[in-house]
Number of protein chains: 2
Amino acid sequence: MTTLSRDVVVDVALRMVEEDGVEQLSMRKLAAELGVAVTSIYWHVGNRDALLDALVEREIADMHTIRPTGKTADARLLSIARTVHKRLRARPHVIALVNERGLAPVLLLPAQAALARELDAAGIKGSEAAFAVRSILYQVIGYAVLERWTERSPAKQMSGEDLWGQGEPPGPAETFEFATKTLVAAVLLG
Amino acid sequence: MTTLSRDVVVDVALRMVEEDGVEQLSMRKLAAELGVAVTSIYWHVGNRDALLDALVEREIADMHTIRPTGKTADARLLSIARTVHKRLRARPHVIALVNERGLAPVLLLPAQAALARELDAAGIKGSEAAFAVRSILYQVIGYAVLERWTERSPAKQMSGEDLWGQGEPPGPAETFEFATKTLVAAVLLG
DNA sequence: ACCTGAACACCGTTCAAGT
DNA sequence: ACCTGAACACCGTTCAAGT
């Protein structure tokens, strides 16, 4: 029985949101989960809206921990793309919340800056770099969204043999790897 | 004072959802808007969940009206990409609803089939076609999501001069046009 | 076949009251 | 400084009752 604090409230709320979705998070259920009166929560986090804001802030803070790894330019760009992809997929409900609140640009700012830095080091600058950054981020987002789609309805895959014979197409994970590598290579060639 | 029917209920619900978001649609507000008792709605649409399902179904039906235009292969592929992009952006709240319900693959099936058909006519088949279809759709989705992001917080654009000097980068619309043209051309080259 | 009001269980939030 | 229960306005849904 840990004592109540803003942090544990946010912790438990985050878990509940990622398990059942935002609309399933009620202040009363959260209070029950915490073993506390509903109104105690209000003292620590203000209200429901402020609580959701706290989840968003935590996610944004987490994005600032992105560190490129690898020695070559393409390895470093690829590592950024992979990390963003992984984070977007890890907490989709909170990401949706960030989106609804119009804070997605803020969320992606660190990744954007990291990509721009690596491109600059590779000699790609100006509008060419701007285009490259967008291309990579847009693709990462498209995959993060669509992979969830295809996974959740396995019967209706985005690519069925009914459409092009050929047997099993590669899974979303391999497709992401291949497409991102291709894109990064193309971007580095100018 | 039109008589109540399933269709007008769905019409008004759709308008309210796109204006204020799903969470702002309450059965009671909808009833007030329709000038009718709350419980009347239940007779026509079942319940709130079934009503949201009806919005999703309407959106999916709308996607079946996609018709490629143009004579060359790249013009026809581009027209499909543009149409999907436009529809995704026209009703973002309903699209989010489609996504939450795991019906996005169903939503995109017509577009996917249309793309595959055009590629086939251009001599691109099998896994190569599967990859091309995914690439185009993922990019369209990434743009549809991110354009809304960048538009809603103009102060925090995805590309600031602070990052690469150069003055104003091209807007999202031009970037989408350019990126999609580039991608389609690349895909057609194999 | 269609519409209604009453009723129930739930919700977010405020506030006065406790320690 | 922190927690509580009572109270208020709202919500989705059911149901018996009307026409």
Side-chain angles (χ1 to χ4, degrees), chain A residues 1-59 91 93-94 96-103, chain B residues 1-59 91 93-94 96-103:
Chain A
M1 178 70 181
T2 60
T3 72
L4 199 58
S5 73
R6 188 188 147 93
D7 270 345
V8 314
V9 172
V10 174
D11 283 344
V12 174
L14 176 60
R15 182 169 51 72
M16 291 176 71
V17 163
E18 283 306 340
E19 271 172 13
D20 301 320
V22 211
E23 65 285 352
Q24 284 301 314
L25 176 78
S26 84
M27 300 300 269
R28 291 171 128 103
K29 277 196 261 180
L30 177 55
E33 192 85 2
L34 288 162
V36 95
V38 205
T39 42
S40 301
I41 301 176
Y42 284 81
W43 196 91
H44 287 283
V45 298
N47 57 21
R48 188 173 187 272
D49 210 56
L51 173 57
L52 297 183
D53 276 339
L55 299 185
V56 166
E57 276 165 34
R58 187 177 279 196
E59 192 66 32
R91 284 171 296 278
H93 287 115
V94 178
L97 222 45
V98 175
N99 187 13
E100 276 165 32
R101 284 157 192 252
L103 290 173
Chain B
M1 179 72 182
T2 59
T3 71
L4 198 58
S5 73
R6 189 188 147 91
D7 270 346
V8 313
V9 172
V10 174
D11 283 344
V12 174
L14 176 60
R15 181 168 51 73
M16 290 176 71
V17 163
E18 284 306 340
E19 271 172 14
D20 302 319
V22 211
E23 66 286 352
Q24 282 300 314
L25 177 79
S26 85
M27 300 300 269
R28 292 171 129 103
K29 278 195 259 180
L30 177 55
E33 192 85 1
L34 288 162
V36 94
V38 205
T39 42
S40 302
I41 300 176
Y42 284 80
W43 196 91
H44 286 282
V45 297
N47 57 21
R48 189 173 186 271
D49 210 56
L51 174 57
L52 296 184
D53 276 339
L55 298 185
V56 166
E57 276 165 33
R58 188 177 277 195
E59 192 66 33
R91 283 171 296 279
H93 287 114
V94 178
L97 223 45
V98 175
N99 187 12
E100 276 166 32
R101 284 154 194 253
L103 289 172

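Numbers restart at 1 for each chain; the letters A, B, ... are given by sequence-line order, proteins then strands. Basis for what follows: all heavy atoms, side chains included, without hydrogens, waters or symmetry-related copies. Because the structure is predicted, anything quoted here is derived from the model rather than measured.
Here the CG atom belonging to A:Leu25 is positioned 9.5 Å from the CG atom belonging to A:Leu97, to the nearest 0.5 angstrom. Rounded to the nearest 0.5 Å, atoms NE2 (A:His44) and CG (A:Leu51) are 12.5 Å apart.
The CG atom of A:Leu4 sits 10 Å away from the P atom of D:dC2 (whole-angstrom rounding). Across the protein-nucleic acid pair, A:Arg6 atom CZ and D:dC2 atom P stand 13 Å apart, rounded to whole Å. Taking atom CD of B:Glu23 as the reference point, atom P of C:dC11 lies 18 Å away to the nearest angstrom. Distance OH (A:Tyr42) to C1' (D:dA6): 15 Å, rounded to an integer number of Å. Following rounding to the nearest Å, B:Leu51 (CG) and D:dT13 (C1') show an atom-to-atom distance of 14 Å. The nearest whole Å value for the distance from the CD atom in B:Gln24 to the P atom in C:dG12 is 14 Å. Here the C1' atom of nucleotide C:dC11 and the CG atom of A:Leu30 are 14 Å apart, to the nearest Å. Rounded to an integer number of Å, the gap from CZ of B:Arg28 to P of D:dT14 is 13 Å.
Considering only heavy atoms from C-beta on, A:Leu52 comes within 4.5 Å of A:Arg101 through its side chain. Between B:Arg28 and B:Ile41 there is no side-chain heavy-atom pair separated by less than 4.5 Å.
Nearest to the side-chain atoms of B:Thr39 among the listed nucleotides C:dT4, D:dT13, C:dT13 stands C:dT4. For B:Met27, taking side-chain heavy atoms from C-beta onward, the closest of the listed nucleotides D:dA7, C:dG5, D:dT13 is D:dT13. Side chain of B:Ala37, nearest nucleotide from C:dT4, C:dT13, C:dA7: C:dT4. Nearest nucleotide to the side chain of B:Trp43, out of D:dT4, D:dC3, C:dA1: C:dA1.
Contact annotation: B:Ser40 side-chain N/O to C:dT4 OP1/OP2 distance is under 4.0 Å. B:Ser26 has a side-chain polar atom (N or O) that falls below the 4.0 Å cut-off from OP1 or OP2 of D:dC11. Within the structure, every side-chain polar atom (N or O) of B:His44 is placed at least 4.0 Å from both OP1 and OP2 of C:dA1.
A:Leu25 comes within 4.0 angstrom of the backbone, heavy atoms only, and of no base. Among the heavy atoms of the strands lying under 4.0 Å from B:Arg48 are primed sugar atoms or P, OP1, OP2 only; no base atom is included.
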Quiz item: For B:Val17 and B:Arg91, what are the C-alpha separation, side-chain angles and deciding distance, and is it a side chain to side chain contact (heavy atoms under 4.5 Å, CB included)?
Solution: CA-CA 9 Å; B:Val17 163; B:Arg91 283 171 296 279; over 6 Å; no
A:Leu55 and A:Val22: CA distance, side-chain angles, deciding distance, side chain to side chain contact (heavy atoms under 4.5 Å, CB included) verdict = CA-CA 11 Å; A:Leu55 299 185; A:Val22 211; over 6 Å; no
Its dot-bracket string being built from Watson-Crick and G-U pairs below 3.5 Å, with | for another strand and [ ] for crossing, DNA chain C has the pattern ||.|||||...|||||.||
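Side chain of B:Gln24 to backbone of B:Met16: no donor-acceptor contact under 3.5 angstrom is found.
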